[in-house]
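Report on the structure given below.
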2 protein chains.
Amino acid sequence: MKLSTRGEYGLRAMFDLAQHYGEGPIPIKSVAERQDISEHYLEQLIAVLRKAGLVKSVRGAQGGYILSRDPEEITVGDIIRVLEGPIAPVECLNTGEGEGCERAETCVTRDIWEKVRDSISDVLDSFTLADMVAKASKMQQNDKYYMYYI
Amino acid sequence: MKLSTRGEYGLRAMFDLAQHYGEGPIPIKSVAERQDISEHYLEQLIAVLRKAGLVKSVRGAQGGYILSRDPEEITVGDIIRVLEGPIAPVECLNTGEGEGCERAETCVTRDIWEKVRDSISDVLDSFTLADMVAKASKMQQNDKYYMYYI
DNA sequence: ATTATTACCGAGCAAACCACTAGGGATTGG
DNA sequence: CCAATCCCTAGTGGTTTGCTCGGTAATAAT
C-alpha cells in the first residue's frame with residue numbers, strides 16, 4: 001500500500017510551484033534544490049505533469065515551469081493520478097465490468113477494494129495546492145511566534 | 001497505490017477458511033484450488049499469517065489450517081497489515097516522530113498522507129471475514145432466485 | 001552573433017521487488 | 001509403513017524503481 005517516490009516528489013514539486021505562483025516561470029533546478037530531489041529525475045516527472053496539462057513550460061533562459069491553473073484548482077488527487085496511474089488497490093477495478101472477474105466470490109472482495117479506492121480518492125481530492133500553501137505559511141507563522149517565546 | 005497479490009490472495013484464502021469455519025482443518029491444497037492460487041506460493045503467505053497468529057495449523061494427514069479466532073473477530077485490516085506491512089502511503093509515516101522529516105514543508109504533505117492512511121485503515125477495519133461470508137451467501141441466494149426467473 | 005541558461009529527449013542501469021518454482025524435510029492419521 | 005499434510009530455504013525470470021548520462025533545441029541577455 002505504498003506510493004512510489006514519483007507521487008511524493010511530484011506533489012512536493014507542484015507545492016513548490018504553488019508557493020511561487022505569480023512569480024513567472026520557475027526553473028526546475030531551483031525546485032529540485034529546495035525540495036532536495038535529483039534534478040534530472042524531477043525533469044522526467046514534470047514532463048508527465050506537463051503532458052497531462054497541469055503545468056506549462058517556458059523554454060530558454062529565464063524559462064521554467066508555471067502551474068497551468070490557479071493553486072485552488074489543482075487537487076492532490078489530480079497530481080497523484082497523473083504520476084501514479086489510476087487509484088486502485090487491485091488491478092481488477094481498472095478493467096471493464098466483469099472482464100477480469102470470473103470467480104463469483106472475487107466480487108465479495110472487489111466490493112471492499114472499491115470502498116478503499118473511493119475513500120482514498122475522497123481524501124486526495126479534498127486537498128488543493130492552495131490549501132497546502134496556506135497551511136505551510138501558517139506553520140511558518142507559528143514558528144515565528146515560537147521564536148519569541150524562547 | 002497498489003496492493004501486491006500477497007494481500008489479495010491472502011484475503012481470498014482467509015475468506016475461504018472462513019467459509020469452511022467449523023469443519024475442522026482445511027488443507028491448503030483445497031484452498032489453493034478453489035481460489036485458483038499457486039499452492040506453493042499460498043503456502044508462503046499462510047506461513048506469515050500463522051506466525052502472526054491469525055491461523056492455526058494442524059500437521060500430518062487430515063491436517064490443514066483453521067482460523068485462530070471466529071470470523072467476526074478477524075478484520076480485513078488484520079490480514080492486509082500482516083501481509084503487506086503497515087498501511088502507509090509513504091515511508092516517513094512509519095518512522096518515529098520527526099526522524100525522517102527534516103524539511104519543514106514535508107510536514108504539509110505528511111498531513112495529507114496521514115489522512116489517507118487513516119481512511120484506508122478505517123475501511124479495511126470495518127469489514128470482518130464474517131461480513132464477507134454473509135455477503136457471499138446472500139449473493140448465492142440471489143443467484144438462485146435469478147435462476148427461477150429464467 | 002555569441003553565450004549562458006533553460007527546457008526537452010532517449011538510452012541505459014543497478015538494485016529491489018514480485019510472483020512464483022524447486023526440492024526437500026518433519027509430523028501425523030490410517 | 002506410507003500417504004497426506006505442514007514446514008523451510010533457496011533460486012529465478014521478469015518487472016519496476018529511481019535514478020544517471022549525454023546529448024539537442026529554444027531563448028534571453030550580452
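Numbers restart at 1 for each chain; the letters A, B, ... are given by sequence-line order, proteins then strands. Side-chain atoms are counted along with the backbone in the values below, which use heavy atoms only and exclude waters and symmetry mates.
Nearest heavy atom pair, residue B:I87 against residue B:S121, reads CD1-OG, 3.9 Å. Nearest heavy atoms, A:D111 versus A:V108: CB-O, 3.4 Å.
Between A:S57 and C:dA7 there is no side-chain polar atom (N or O) within less than 4.0 angstrom of OP1 or OP2. For the pair B:R50 and D:dC6, the criterion of a side-chain N or O lying under 4.0 Å from OP1 or OP2 is not met. For the OP1/OP2 pair of C:dC17 and a distance below 4.0 Å, the side-chain nitrogens and oxygens of B:S4 include no atom meeting the criterion.
If you take CD1 of B:I46 and P of D:dC7, they are 9 Å apart, rounded to a whole angstrom. One can place OH of B:Y9 at 7 Å from P of C:dA19, the figure rounded to the nearest angstrom. The CD-C1' distance, from A:Q35 to D:dG18, rounds to 18 Å in whole Å. Rounded to whole Å, atom C1' of C:dC18 lies 11 Å from atom CG of B:L45. Distance, A:K2 NZ to D:dG18 P: 12 Å, rounded to whole Å.
Residues meeting the side-chain contact (heavy atoms from CB on, under 4.5 Å) test with A:K56, sequence neighbours left out: A:S68. Qualifying side-chain contact (heavy atoms from CB on, under 4.5 Å) partners for B:S30, counting only residues two or more places apart in sequence or in other chains: B:I26, B:P27, B:R34. The side-chain contact (heavy atoms from CB on, under 4.5 Å) test applied to A:A18 returns A:L67, A:P71, A:L129, A:V133, not counting sequence neighbours.
Near DNA chain C, meaning a heavy atom under 4.0 Å away, the residues from residues 21-33 of chain A are A:I26, A:P27, A:I28.
Comment: B:K2 engages A:E91 in a salt bridge, judged by a side-chain N to carboxylate O separation of less than 4.0 angstrom.
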Next item on the list: Show the numbers, then the answer: is there a side-chain contact (heavy atoms from CB on, under 4.5 Å) between B:R69 and B:L54?
Entry: CA-CA 7 Å; B:R69 297 176 252 147; B:L54 290 178; 3.0 Å; yes
Could you list, one pair per line, each protein nitrogen or oxygen that sits under 3.5 Å from a nitrogen or oxygen of nucleotides 27-30 of chain D, together with the distance?
residue : atom : partner : partner atom : Å
D:dT27  : O2   : A:A61   : N            : 3.3

All N/O pairs under 3.5 Å across the protein-nucleotides 21-23 of chain C interface:
residue : atom : partner : partner atom : Å
C:dT21  : OP2  : B:S38   : OG           : 2.9
C:dT21  : O4   : B:Q44   : NE2          : 2.5
C:dG23  : O6   : B:H40   : NE2          : 2.6

